[in-house]
> 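Questions regarding the structure given below will be posed in turn.
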Amino acid sequence: MGMLERLRKEWFILGIVLVITVAKLEPAFGVKGGPLKPEISITYIAVSTIFFNSGLSLKTEFADSRLHATSCVFSSDINQSSWWE
């Protein structure tokens, strides 16, 4: 296995090591109020991206059944809440 093939295979781990190294060398980049704006980027963008990627990796059959189950739960909750005041 060549070096380029190995780098392509282990791209995620290498990316994590690179990001940790940069954070160690330049910690001011991720400071609250800094150029990365972690109070916004982590709170909204990173969490949304993680959930979006998780949803993309679901198998279609599982996603269909899960969406059906979710809609049933919401419908039953709304229906039951309309009975109680």
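None of these values were measured; they are calculated from a predicted model. Along the sequence shown, the residues carry numbers beginning at 1.
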> Could you pull out the closest heavy-atom pair between Gly33 and Glu39, with the gap in Å?
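Looking at all heavy atoms of both residues, the shortest contact is N-OE1, 3.3 Å.
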> Enter the distance from Ile16:CD1 to Glu10:CD here, rounded to the nearest 0.5 Å.
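Those atoms lie 11.0 Å apart.
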> Are Ile40 and Phe52 grouped together when hydrophobic residues (ILVMFWY) are joined by side-chain heavy atoms under 4.5 angstrom apart?
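No, Ile40 and Phe52 fall in different hydrophobic clusters.
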> Which heavy-atom pair separates Pro35 from Ala28 by the least distance, and what is that distance?
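Closest approach of Pro35 to Ala28: CD-O, 4.0 Å.
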> Grouping I, L, V, M, F, W and Y whenever their side-chain heavy atoms are under 4.5 Å apart, do Phe12 and Ile20 come out in a common cluster?
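Yes, one cluster joins them.
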> To the nearest 0.5 Å, tell me how far Ile45 CD1 sits from Lys37 NZ.
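If I round to the nearest 0.5 Å, the distance is 12.0 Å.
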